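Structure first, commentary second.
If you're wondering where the values come from, they're calculated on a predicted model, not measured in any experiment.
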Amino acid sequence: MDHIDHILIIDDDREIRDLVSAYLKKNGLRVTVAADGRQMRSFLEADRVDLVVLDVMMPGDDGLVLCRELRAGRHKATPVLMLTARTDETDRIVGLEMGADDYLAKPFAARELLARIKAVLRRTRMLPPNLTVTEIGQLLTFGDWQLDTTARHLLDKQGTVVALSGAEYRLLRVFLDHPQRVLSRDQLLNLTQGREAELFERSIDLLVSRVRQRLRDDAREPGYIKTVRSEGYVLAMPVEITTARQ
C-alpha cells in the first residue's frame with residue numbers, strides 16, 4: 001500500500017487549523033492538528049509525522065522555540081515549514097537559523113501551502129538535482145569528520161553523533177560531492193533546493209553558517225568551508241569515501 005504523508009499542523013487559530021486540515025485531506029494527505037506545544041509534544045510521543053507545519057506567533061512557547069526543540073530532539077530530521085503573520089525578513093532569517101526547511105507568510109493560499117509541503121518532502125527524500133550520487137551506505141571522511149550517508153548525520157573523530165537538519169545535510173552533501181571546487185550561491189541554491197524553491201538572497205549564507213557551526217569551524221578563519229570573495233564557497237578538504245559498517 002502506498003505511503004500517505006502525515007502532516008502535523010500546529011497553530012493556535014482554530015479556523016486556520018480547520019481550513020488547512022480540510023484542504024490537505026482533500027488532496028490526499030493525512031493530517032493531525034495541535035493548538036500549542038503541549039499538544040504537539042503529546043502527539044509526537046505516540047506517533048510520527050512526515051512534516052510539521054508550525055505557526056510562529058502562538059501564546060506560550062512560540063514557533064521558534066518549538067522548532068528549536070524539534071531540531072534538538074529525536075524529531076531532528078523531520079521537515080519543518082513555518083507560518084507567520086509577519087513579513088519582516090528578519091523573522092524568516094531567524095526561522096531558518098532555528099532549522100526550518102521553508103517559510104510561508106500569512107495570509108497564504110492553501111494551494112501554495114500544499115505546493116510547498118510537497119516541495120519540501122520531495123527535497124527531503126531525494127538527492128538534490130544534478131548532484132553527483134555517492135553510494136548508499138558510505139562514510140564520507142574529511143578532516144576530523146565523517147558524514148554517514150545512511151543515518152544522515154555527522155560523526156566527529158571520537159565517533160560522537162552531531163545531528164543535522166535536512167537542509168544542513170543537503171548543503172554539506174553538495175560540498176562533499178564537489179570537494180575543493182568553488183561553488184557559487186546560485187549553484188548551491190539549485191543543487192540543494194531545486195528550481196522550484198523560492199528562497200531569498202541570504203538563505204545560502206545562513207545555511208553555510210549553520211553547517212560551519214556543526215563542524216565547529218572558526219567563522220573568522222574557517223578551515224573547512226571557505227568563502228571565496230565574489231565567487232561563492234569551497235570545501236577546502238579532500239574527501240575519502242569508505243563503505244559504512246552494516
* For residues V53 and L51, report the shortest heavy-atom separation together with the two atoms involved. => CG2-CD2, 3.6 Å

* To do: Determine, step by step, whether L155 and T160 satisfy the side chain to side chain contact (heavy atoms under 4.5 Å, CB included) criterion, reporting the C-alpha distance in whole Å, the side-chain angles of both residues, the deciding distance to 0.1 Å, and the verdict.
  => CA-CA 5 Å; L155 298 165; T160 303; over 6 Å; no

* Distance from L83 atom CG to L104 atom CG, nearest 0.5 Å? -> 6.0 Å

* side chain to side chain donor-acceptor pair (under 3.5 Å) involving D61 - partner list, sequence neighbours excluded -> R41

* To do: Can you measure from CG (L29) to CD1 (I4) and round to the nearest 0.5 angstrom?
  => 9.0 Å

* Common cluster, F108/L114, ILVMFWY with side-chain heavy-atom separation under 4.5 Å -> yes

* Charged N to carboxylate O under 4.0 angstrom, R71 versus D101? -> yes

* Any pair with a residue in residues 8-25 that passes side chain to side chain donor-acceptor pair (under 3.5 Å), sequence neighbours left out, goes on the list, sorted by first then second residue, please. => D11-K106

* Asked: Hey, does V211 have a side-chain heavy atom less than 4.5 Å from the side chain of V208?
  -> no

* **Check: L70 and V80 side chains under 4.5 Å, non-hydrogen atoms** => yes

* Asked: Listed by chain and number, what are the side chain to side chain donor-acceptor pair (under 3.5 Å) partners of T78, not counting sequence neighbours?
  -> none

* Same apolar cluster (I L V M F W Y, side chains within < 4.5 Å links), V234/L140 -> no

* Asked: Considering only heavy atoms from C-beta outward, does the side chain of L176 approach that of L235 to under 4.5 Å?
  -> yes

* **Heavy-atom side-chain proximity of M82 to D55 below 4.5 angstrom** => no

* 4.5 Å side-chain heavy-atom contact, M237 and P179 -> no

* Asked: Roughly how far, to the nearest 0.5 Å, is the CG atom of L54 from the CG atom of L8?
  -> 8.5 Å

Can you give me every donor-acceptor pair (side chain of residues 42-49, partner residue at least two apart or in another chain, under 3.5 Å) with its distance?
{"from": "D47", "atom 1": "OD2", "to": "R30", "atom 2": "NH2", "distance (Å)": "3.1"}

* Asked: Is there a path of hydrophobic side-chain contacts, each under 4.5 Å between heavy atoms of I, L, V, M, F, W or Y residues, that connects L19 with I117?
  -> no

* **side chain to side chain contact (heavy atoms under 4.5 Å, CB included) evaluation trace for R181 with Q187** => CA-CA 12 Å; R181 170 185 167 188; Q187 287 175 314; 3.9 Å; yes

What pairs of donor and acceptor atoms, side-chain ones from residues 220-230 against any protein atom, are under 3.5 angstrom apart with sequence neighbours left out?
{"from": "Y224", "atom 1": "OH", "to": "D144", "atom 2": "N", "distance (Å)": "3.1"}
{"from": "K226", "atom 1": "NZ", "to": "P222", "atom 2": "O", "distance (Å)": "2.8"}
{"from": "T227", "atom 1": "OG1", "to": "R212", "atom 2": "NH2", "distance (Å)": "2.9"}

* Asked: Does any pair with a residue in residues 147-167 pass ring pair (Phe, Tyr, Trp, His ring centres under 6.0 Å), and if so which ones, sequence neighbours excluded?
  -> none

* **Evaluation steps, side chain to side chain contact (heavy atoms under 4.5 Å, CB included), between V174 and L183** => CA-CA 9 Å; V174 168; L183 298 170; 3.8 Å; yes

* Qualifying residues under side-chain contact (heavy atoms from CB on, under 4.5 Å), relative to Q39, sequence neighbours excluded -> A34, A35, D36

* Non-neighbouring partners of E240 that pass side-chain contact (heavy atoms from CB on, under 4.5 Å), sequence neighbours left out -> T141, T242

* **Backbone N/O of D50 and side chain of D5: donor-acceptor pair under 3.5 Å** => no

* Structure fact -> When rounded to the nearest 0.5 Å, the distance separating CG of L66 from CE of M40 is 4.5 Å

* State, yes or no, whether a side-chain contact exists between L215 and F142 at a heavy-atom distance under 4.5 Å. => yes

* Asked: CZ/R116 to CG/L121 distance, rounded to the nearest 0.5 angstrom?
  -> 13.5 Å

* To do: Measure the shortest side-chain to side-chain distance between T149 and L139 over non-hydrogen atoms and say whether it is less than 4.5 angstrom.
  => no

* Taking NZ, NE, NH1 and NH2 as the nitrogens, is one of them in D148 or R152 under 4.0 Å from a carboxylate oxygen of the other? -> no

* Is there a path of hydrophobic side-chain contacts, each under 4.5 Å between heavy atoms of I, L, V, M, F, W or Y residues, that connects V182 with L172? -> no

* So, for R173 and L147, which heavy atoms are closest and what is the spacing to 0.1 Å? -> CD-CD2, 4.2 Å

* Less than 4.5 Å apart, any side-chain heavy atom of Q146 and any of L154? -> no

* To the nearest 0.5 Å, what is the distance between NZ (K118) and CG (L24)? -> 9.5 Å

* Asked: Residues in salt bridge (charged side-chain N to carboxylate O under 4.0 Å, His left out) with R216, at least two apart?
  -> D156

